[in-house]
Amino acid sequence: MINSHLIWIAFFAPLVACVLITLFFLRSKTASSLIAIFGILTSFVCSCLVFTQIFQSNTGTQLQQSLSWIHFDGLTINFGFLMNPLAIMMLLIVTGIGSAIFIYSRGYMDEDPSSPRFFAFLSLFAFSMIGIVLSNNFIQLFMFWELVGLSSYLLIGFWYAKPSAADAGVKAFMVNRLSDFGFLCGIILLWSVSGIGGSRSFQFTDLVNVPPHIAPPMLTIIGLLLFCGVIGKSAQVPLHVWLIDAMEGPTPVSALIHAATMVAAGIYLLSRVFFIFQPSPTVLTVIGYTGAITSLMAAILAIVENDIKRILAYSTLSQLGLMVMALGLGGPMQGMYHLTTHAFFKALLFLGAGSVIYALHHEQDIWKMRGLLQKMPITGITFLIGTLALSGIFPLSGFWSKDTILALAFENNFVLYLIAATASGLTAFYMGRLFLVVFWGNPGPHHGAGHGHEAHESPAVMTIPLIFLAVLSTIGGFIGIPHFLFPQEAPEELDMKVAIISSVIALLGLGVSYMIYGKRTATDPLVNMLGGFYSTLKNKFYFDIVYGWYVDCVQQNVALFLSRFEKEFIIRLVLGSLTNLVRSGGKAFRYLQNGIVQFYAMIFVLGIVLLFLFLIHSYALVLVLSIVPLFLFLTLYK
């Protein structure tokens with residue numbers, strides 16, 4: 001039996017922390033951080049207790065509770081939660097990984113005077129994501145979906161005095177507004193056609209049996225519109241451009257966005273309502289190829305990136321692409337499995353990068369780092385574990401989850417398999433490049449620091465979360481995640497052929513990176529090796545340039561034309577003419593209000609005569625109407 005009170009506590013604990021910090025502790029760095037940590041840990045403990053209850057009872061256990069929120073004739077919207085194995089697993093990721101990031105943030109943000117505001121925003125972010133995870137209907141989910149967008153805007157642009165950070169926050173917010181418009185249209189369209197027996201609903205449990213009754217073309221349109229939300233939140237091509245610039249925020253924000261919140265929301269949505277996408281082969285094909293293209297493109301761009309956080313951001317793009325591809329191939333289990341393990345090692349890698357940035361006084365250029373393994377052994381070793389897990393090296397967690405996706409692609413679509421395998425090989429290459437450039441070899445002339453400062457290991461409040469995440473990244477493949485999530489779809493044994501091929505590809509990628517970067521050079525050898533293509537990659541395939549041209553030359557000119565059209569035609573011509581007409585009419589009728597009683601009596605009599613003549617014959621009316629103006633003129637003239 002699931003205790004619903006625990007779910008409600010897990011739901012609202014971060015919100016309570018956010019409110020307390022905002023109202024009472026915005027001037028206390030210690031109190032604000034402790035309240036935020038206590039809030040997320042409360043959610044995590046409650047989630048663990050609920051997980052235990054589900055595991056002990058039955059993996060198929062499902063609990064739904066709702067409170068009446070909005071009710072009109074034909075429209076009912078509830079506020080509640082839907083708890084099942086998929087939701088509790090995602091809740092554990094958000095609260096568990098979030099707890100490690102919150103604790104780490106206490107050390108990372110210790111010197112920032114605005115850290116109380118940071119922890120308030122961070123708690124709001126966690127509450128928003130928990131709301132997405134627990135929502136039992138589309139309207140509630142969309143509300144928290146938008147709240148996640150707001151939270152990301154606040155955190156990405158946290159250092160708002162820095163123009164690049166402020167611009168990055170706006171960019172993330174606006175790109176997601178574009179995709180969310182399509183998402184909202186899909187929700188409304190699904191609701192409008194969901195009426196079976198005269199009843200429409202936004203509830204997930206009510207919509208499960210609806211897709212078979214919807215015409216295939218309409219279902220395809222609905223699926224593609226809903227997928228728009230995924231393209232924005234999970235940063236798929238062509239709306240991927242915001243995620244790289246999101247690195248302007250503090251590193252814990254990057255870890256939270258990439259590992260446990262925001263970008264994971266799109267994959268979770270696909271899995272939560274997979275029953276809507278599954279009946280449409282067209283939608284699944286679009287989803288599959290969108291994910292594959294995103295994965296390969298991001299992996300290619302990562303090999304020339306020199307910012308340590310942006311390399312990891314491209315890695316997230318690539319791995320999200322693999323998850324989306326898995327969903328497109330009909331594998332929600334494979335996608336969610338990789339999402340879970342990816343949360344472990346991606347949070348580890350981002351927090352490891354943050355540890356390096358913290359030690360080097362906010363230096364992020366990997367070519368200004370060298371030999372940090374000797375100076376920062378805990379950070380270096382845990383970062384190596386994360387690198388190998390992401391590369392898919394046996395027996396770390398990434399090997400198991402990535403192999404299920406590759407095996408699914410190998411069985412169902414060999415083209416997508418080749419794309420995914422290529423992206424996996426490139427992942428091993430650029431992660432090997434990152435580790436070798438930053439941690440390998442002897443410390444440079446500045447002892448690994450970019451500004452002449454001695455590099456040193458981060459404090460325990462930052463290294464303990466690294467160790468915790470390194471353990472999860474190591475054992476994550478052995479804790480039976482697929483069997484808990486989807487017991488009927490979990491593979492019974494490893495596909496040895498695919499596993500061997502993927503392992504060879506990963507080792508080959510790492511080997512090539514060692515051949516190129518094993519001996520430190522002053523500049524990146526890829527500059528000469530790639531030739532003119534290097535410039536194309538550094539410009540990110542010109543997506544930002546094209547979008548910038550569109551905004552400046554097309555959108556702005558259209559807006560200027562519409563503004564002038566409104567000002568000159570609608571306001572001046574149309575509204576001005578109407579104003580003049582009303583003013584002239586008022587002046588004309590003003591003469592009728594002359595205060596002469598005899599004149600009013602005459603008008604009254606004329607009205608009666610006109611009515612009488614109208615009743616007698618219409619021709620007489622025409623005659624009188626032609627005489628009346630002359631009579632009125634003579635009267636007014638006198």
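Keep in mind the model is a prediction, meaning the values are calculated, not measured.
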- Task: Give the minimum heavy-atom separation between V133 and Y268, together with the two atoms involved.
- Result: O-OH, 2.6 Å
Indicate every side-chain donor-acceptor pair of residues 557-567 with a distance under 3.5 Å to a residue at least two apart or in another chain.
from, atom 1, to, atom 2, distance (Å)
N557, ND2, C553, O, 2.4

- Message: For R117, give me all partners under salt bridge (charged side-chain N to carboxylate O under 4.0 Å, His left out), at least two apart in sequence or on another chain.
- Response: none
- Message: Restricting to non-hydrogen atoms, name the atom on P252 and the atom on I101 that form the minimum distance, rounded to 0.1 Å.
- Response: O-CG2, 3.5 Å
- Taking all heavy atoms of A470 and all of T382, pick out the closest pair and write down the distance. CB-CG2, 3.9 Å
- Flag, side chain of K309 to backbone of A246, donor-acceptor distance under 3.5 Å: no
- Is there a donor-acceptor contact under 3.5 Å from the side chain of T427 to the main chain of A423? yes
- Query: So, do D365 and D307 sit near enough that their side-chain heavy atoms are less than 4.5 Å apart?
  - Reply: no
- Kindly give the heavy-atom pair with the smallest separation between M323 and G335, and that separation in Å. CG-O, 3.9 Å
- Message: Heavy-atom count check: over 12 atoms from other residues, nucleotides or ligands less than 6.0 Å from F541 CZ?
- Response: yes
- Steps toward side chain to side chain contact (heavy atoms under 4.5 Å, CB included) verdict (Q65, M83): CA-CA 9 Å; Q65 282 192 3; M83 179 57 64; over 6 Å; no
- Message: Minimum heavy-atom separation for S128 and S151, please, with both atom names.
- Response: OG-OG, 3.4 Å
- Query: I257 versus F350: any side-chain heavy-atom pair under 4.5 Å?
  - Reply: no
- Take M369 and V437 through the side chain to side chain contact (heavy atoms under 4.5 Å, CB included) test and state the conclusion after the steps. CA-CA 7 Å; M369 308 171 187; V437 172; 6.0 Å; no
- Query: Are the side chains of Y547 and K171 in touch, meaning some heavy atoms are under 4.5 Å apart?
  - Reply: no
- Message: Any non-hydrogen side-chain atom of V283 less than 4.5 Å from a side-chain atom of I276?
- Response: no
- Message: Within the 3.5 Å criterion, strictly below it, is a donor on Q140 or W69 matched to an acceptor on the partner's side chain?
- Response: no
- Taking S318 for its side chain and S315 for its backbone only, find out whether a donor-acceptor pair lies under 3.5 Å. no
- Task: Test W242 against F173 for ring-ring contact (aromatic ring centres under 6.0 Å, His included), laying out the working first.
- Result: CA-CA 9 Å; W242 69 267; F173 189 79; over 10 Å; no
- Query: Can you check whether S135's main-chain N or O pairs, donor with acceptor, with R272's side chain at less than 3.5 Å?
  - Reply: yes
- Task: Check whether more than 12 heavy atoms from other residues, nucleotides or ligands sit under 6.0 Å from atom CZ of F144, and answer yes or no.
- Result: yes
- Message: Can a donor-acceptor pair be found, under 3.5 Å and without considering hydrogens, that links the side chain of T387 to the backbone of F383?
- Response: yes
- Heavy-atom side-chain proximity of S179 to N176 below 4.5 angstrom: yes
- Message: Nearest 0.5 Å, please: how far is OG in S397 from NE2 in H342?
- Response: 10.5 Å
- Task: Report yes or no: does S123 contribute a side-chain atom to a donor-acceptor pair with the main-chain N or O of F119 at less than 3.5 Å?
- Result: yes
- W159 and H362 aromatic ring geometry - parallel, tilted or perpendicular at 30°/60° bounds: perpendicular
- Task: Hey, could you give me the CG/CD1 distance between D167 and I156, rounded to the nearest 0.5 Å?
- Result: 12.0 Å
- Excluding sequence neighbours, so at least two apart, what forms ring-ring contact (aromatic ring centres under 6.0 Å, His included) with F142? F183
- Task: Flag the pair I103 / I464 as yes when at least one side-chain heavy-atom distance between them is below 4.5 Å, and no otherwise.
- Result: no
- Message: Would the distance check show the side chain of S115 and the main-chain N or O of E111 forming a donor-acceptor pair, the cut-off being under 3.5 Å?
- Response: no
- Item | Flag if over 12 foreign heavy atoms under 6.0 Å of OH, Y542 | yes
For residues 232-241, dump all side-chain donor-acceptor pairs below 3.5 Å to protein atoms at least two apart in sequence or in another chain.
from, atom 1, to, atom 2, distance (Å)
K233, NZ, W145, O, 3.3
K233, NZ, D180, OD2, 3.4
S234, OG, V263, O, 2.6
S234, OG, G266, N, 3.3
Q236, OE1, T294, OG1, 3.4
Q236, NE2, S234, O, 3.0

- Message: Is the ring pair F204/F138 parallel, tilted or perpendicular, if the boundaries are 30 and 60 degrees?
- Response: perpendicular
- Partners passing salt bridge (charged side-chain N to carboxylate O under 4.0 Å, His left out) against R310 (at least two apart in sequence or in another chain): D245, E248
- Item | Rounded distance [0.5 Å steps], CG in L256 versus CG in L351 | 9.5 Å
- Rounded to the nearest 0.5 Å, what's the gap from CD1 on I40 to CG on L122? Could you check? 8.0 Å
- Message: I need the minimum non-hydrogen distance between L327 and P332, along with the two atoms involved.
- Response: CD1-CA, 3.7 Å
- Value rounded to 0.5 Å, distance of CG in L20 from SG in C18: 9.0 Å
- Side chain R200, main chain S194, donor-acceptor under 3.5 Å: no
- Task: Not counting sequence neighbours, which residues clear ring-ring contact (aromatic ring centres under 6.0 Å, His included) with F202? List them please.
- Result: W191
- d(Y337 OH, T341 OG1) to nearest 0.5 Å is 6.5 Å
- Message: Students often mix this up, so state it plainly: with edges at 30° and 60°, are the rings of Y358 and Y108 parallel, tilted or perpendicular?
- Response: tilted
- Item | F274 atom CZ, over 12 foreign heavy atoms within 6.0 Å | yes
- Validation row: F79, N137 side chains within 4.5 angstrom (heavy atoms): no
- Just do the side chain to side chain contact (heavy atoms under 4.5 Å, CB included) check on T205 and L82 with the steps written out, would you? CA-CA 9 Å; T205 51; L82 175 61; 4.1 Å; yes
- Could you go through the side chain to side chain contact (heavy atoms under 4.5 Å, CB included) check for L92 and C48 one step at a time? CA-CA 7 Å; L92 286 172; C48 291; 4.0 Å; yes
- Query: Does a side-chain heavy-atom distance below 4.5 Å link L434 with L349?
  - Reply: no
- Do any N or O atoms from the side chain of Y430 and from the backbone of E305 form a donor-acceptor pair under 3.5 angstrom? no
- Query: Does atom CH2 of W367 have more than 12 heavy-atom neighbours, drawn from other residues, nucleotides or ligands, at distances under 6.0 Å?
  - Reply: yes
- Side-chain donor or acceptor of K29 paired with backbone N/O of D110 under 3.5 Å: yes
